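Beneath this line is the structure, given in structure tokens, with notes to follow.
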Amino acid sequence: MLGLRSAAGRAKRRFVADLRSDPYLVAILAVTVLLAAFYVWHEIPNFATWDERDRILDPLVAYGRVIDQPSLGALREGVIWGREPFGSTFYLYGLALLPVVIAAAVLGDLDAIAALGLPANGSQTFGFWEVWHTTPEWIWTASLLIARLLNVVFAAGAVYLTYRIGTYLRDRTTGRLAGAFLAVTWGLITLAHEGGEDIPSVFVLLLALYLLIQYVETGERRRFFEASAVGAAAMTLKLTVAPIVFTIAIAHLLRIYREGDSWRRLFEDQDLLLDGAAVGAVVILLGFPTLLVGGFIEFLSRIIGHPAYRVAVEKGPAAPIWWWFLRGYFNAFGLPLFLASVAGLGGALLTLRKRVTDGSTVLLAYLGLYTLLLTGWHDFRPHHLLSTLPLLVFFLADGLSRLDKSRPAVARSVVAVLLVTSGAYAAVGTAGYASMPRADAVDWMDDNVERNATMEFYTRGFEESATPHWIDAQYPYAGDDRETLDPCPEYVQLSYRDLLYLSDIPDSHRTSYVRHNTEARAAHVRALLNGSYGYEVVAEFGERPPGYVPERPTPGSIAEILSLGIYPQSDQYADEQELRANQYVAILEYNGSCEQPLPRPE
């Protein structure tokens, strides 16, 4: 405990000293907060993503079970419940949402949290709608605001750590450039607009890397142990940062080489290695509350089964893995910053031999190992690349800082161009949160749809639709009993995801959520749109795809994904935030006499 307090004290003093001595840092952090927090309340009280829904529900369900039935058994049930045992994100959001639980007790709404129960879990059932609908709206609003603002703080922390790494390894100029580039990186900003584990995990990862760099540079053994503990904590937040384990070993090798010792010392210094491994193992075990309450099978499934699942699962079309890298980086950086980052990385690799014992080799090692990890996957989304973004901007900043010493006019021109173009790219993306199609659709429904009207949805989750909290919704494809459905609901909502059935492409090129019974569902969507069932479109939000058919980039085509690096609110695949391009909403109203019930294919 004293060690943690001492480390926190050192960190606070370092942060305050940096703020006082470097006015540029204040501006960089202000820009980060401005971009990350702009319209952070978008779509509230609805969730931005499945992941955000689960991160908030996990601790609230545990609170609810204990409030309803105060016992260890209820606590165990509440902790083990969930789509996945997400490790220490449970602690993070459990602590963050404690004020909501306290407020519910003060306001007399504690029964609402107790009534959460154990929502139906599984990909084919939709037990969440009733939970979301019956819980007071203010609870979701408060929970989402707290979770998202917490991510804004972690985003600012990640920018500061990137600044600190650059300053420690090189100089203030490098630190400022690295921090400034990350502050206007769209891949960071967009993830700060949701409650998840990506931003917190990258903050903790950067802290572990910073400690490893200090160990390589100074040889201080305490830094090695601290890095082992912090790296393990990052893994409990997000398992994909697992390459930090091998990076810690590489850092020890670099320190041995730096001291001129024999490689035998790697094995002879058993106390350091074993103690570091033990510290990491203890942190990992404590970091999974599922394990602490006896959920051994769930813990093993997360640790062993989930990595295997990520390698085998196909959530997007079959395409070369390099295409997924380009697609993700184009969108996360924008084209100018991406190309410059590639140049910066190339420069770092060319000079690696001259600076092999430099602390920056730790960053190169992690970057290489993480890239190797992703190459074994079938596909991935931009948020999977998040942990590499701060490292890439560091190498870019390092290269520009060195260029500034030999050709200052060229270096400053490049910096100006990158900050202007990347800042504009990030600003356009951030401004888009002020007018999202789903939010606009909800506003329209608030003003135009009767409170007793029924609306039918076909998406798998309410967070993928424009869903007012008060709406009487029915979901034929997501758990509703077909026999209880209104035969002719007053309204039907079609989302961008529903329109994906209309694309004339092989099922293997579709996302995993629109591969089932595609011909029948495409016919159903088309019949609704052409009026065959007595419905007509009365309102549209977002840009309608040509002929209602989404035009997605051809898998493997570089030319067709170039636009993703020009416009930030661009097309996404699968499980992350559906941004403006994916938020088209069409609301259809029934104009018939309901002589025949609305058909619904399986």
Side-chain angles (χ1 to χ4, degrees), residues 158 161-171 173-175 177-179 181-182 185 187-188 201-219 223-224 227-228 230-231 234-235 240-259 263 266 321-322 325-326 328-329 332-333 337-376 384-403:
L161 282 175
T162 304
Y163 164 91
R164 182 100 290 283
I165 288 172
T167 302
Y168 183 84
L169 280 174
R170 299 293 180 261
D171 51 34
T173 299
T174 304
L177 288 176
F181 289 141
L182 187 60
T185 295
L188 178 80
S201 69
V202 80
F203 170 82
V204 180
L205 171 68
L206 287 172
L207 180 56
L209 291 172
Y210 181 46
L211 292 168
L212 279 181
I213 289 168
Q214 291 181 323
Y215 169 69
V216 171
E217 296 281 337
T218 67
R223 295 290 180 266
F224 183 85
S228 299
V230 175
M235 284 183 60
T240 50
V241 304
I244 189 63
V245 174
F246 302 101
T247 308
I248 291 172
I250 290 172
H252 186 47
L253 281 171
L254 290 173
R255 183 61 205 174
I256 292 172
Y257 186 61
R258 188 183 182 100
E259 293 177 352
W263 295 114
L266 176 65
I321 200 65
W322 56 260
F325 274 106
L326 289 179
Y329 279 125
F333 276 135
L337 190 56
F338 167 70
L339 294 175
S341 296
V342 170
L345 177 61
L349 291 173
L350 288 175
T351 59
L352 175 61
R353 188 172 181 179
K354 298 178 181 178
R355 301 184 298 175
V356 68
T357 60
D358 186 273
S360 62
T361 305
V362 172
L363 305 182
L364 278 174
Y366 181 83
L367 183 60
L369 289 168
Y370 191 82
T371 301
L372 184 63
L373 171 70
L374 290 187
T375 57
H384 292 116
L385 299 172
L386 177 64
S387 63
T388 69
L389 305 185
L391 312 186
L392 288 170
V393 297
F394 162 76
F395 291 118
L396 170 60
D398 184 27
L400 288 172
S401 181
R402 285 186 281 113
L403 181 64

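Predicted model only: the values in this text are computed from it and were never measured.
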Item to complete: Check the angle between the aromatic planes of Tyr210 and Tyr168 and answer parallel, tilted or perpendicular using the 30° and 60° thresholds.
Response: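 Ring orientation, 0 to 90° scale: perpendicular.
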How many angstroms lie between [atom1] in [X] and [atom2] in [Y], if you round to the nearest 0.5 Å?
| X | Y | atom1 | atom2 | answer |
| --- | --- | --- | --- | --- |
| Leu396 | Leu391 | CG | CG | 12.5 Å |
| Thr247 | His252 | OG1 | NE2 | 14.5 Å |
| Arg258 | Tyr215 | CZ | OH | 11.5 Å |
| Leu206 | Ser387 | CG | OG | 8.5 Å |
| Tyr329 | Ser341 | OH | OG | 9.0 Å |

Practice prompt. Could you check Ile248 against Leu212 for side chain to side chain contact (heavy atoms under 4.5 Å, CB included), going step by step and ending with a plain yes or no?
Written response: CA-CA 7 Å; Ile248 291 172; Leu212 279 181; 3.8 Å; yes
Would you check if [X] and [Y] make a side-chain contact, meaning some heavy-atom pair closer than 4.5 Å?
| X | Y | value |
| --- | --- | --- |
| Leu209 | Ile244 | yes |
| Leu363 | Ile165 | yes |
| Glu217 | Leu169 | yes |

Which heavy-atom pair separates [X] from [Y] by the least distance, and what is that distance?
| X | Y | answer |
| --- | --- | --- |
| Phe394 | Ser360 | CE2-CB, 3.9 Å |
| Phe338 | Phe333 | N-CB, 3.7 Å |
| Leu205 | Ala234 | N-CB, 3.9 Å |
| Leu254 | Val362 | CD1-CG2, 4.0 Å |
| Thr162 | Pro390 | OG1-CB, 3.5 Å |
| Ala178 | Ala397 | N-CB, 3.4 Å |

Practice prompt. From the options Thr357, Asp358, Thr351, select the one residue that forms a side chain to side chain donor-acceptor pair (under 3.5 Å) with Arg355.
Written response: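 For Arg355, the side chain to side chain donor-acceptor pair (under 3.5 Å) check succeeds only for Thr351.
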Item to complete: Test side chain to side chain contact (heavy atoms under 4.5 Å, CB included) on Val202 and Leu389 and set out the steps.
Response: CA-CA 10 Å; Val202 80; Leu389 305 185; over 6 Å; no
Worksheet entry | Leu182 vs Tyr163, side chain to side chain contact (heavy atoms under 4.5 Å, CB included): CA-CA, chis, key distance, verdict | CA-CA 9 Å; Leu182 187 60; Tyr163 164 91; over 6 Å; no
Discussion item. Please determine whether side chain to side chain contact (heavy atoms under 4.5 Å, CB included) holds for the pair Leu369 and Leu373, giving the CA-CA distance in whole Å, both sets of side-chain angles, and the decisive distance to 0.1 Å.
Written reply: CA-CA 6 Å; Leu369 289 168; Leu373 171 70; over 6 Å; no
Worksheet item: Regarding Asp171 and Thr174, is there a side-chain donor-to-acceptor distance under 3.5 Å anywhere?
Response: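 Yes, Thr174 and Asp171 have a side-chain donor paired with an acceptor closer than 3.5 Å.
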Worksheet item: Is the backbone N or O of Val356 less than 3.5 Å from a side-chain atom of Thr361, with the two atoms forming a donor-acceptor pair by type?
Response: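 Such a contact is found between Thr361 side chain and Val356 backbone.
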Fill in: Main-chain N/O of Leu367 paired with Thr371 side-chain donor or acceptor, under 3.5 Å
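It does hold such a pair.
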Worksheet entry | Matching residue for Leu392 among Leu345, Leu337, Thr185 - test: side chain to side chain contact (heavy atoms under 4.5 Å, CB included) |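 Looking at Leu345, Leu337, Thr185, the match for Leu392 under the side chain to side chain contact (heavy atoms under 4.5 Å, CB included) is Leu345.
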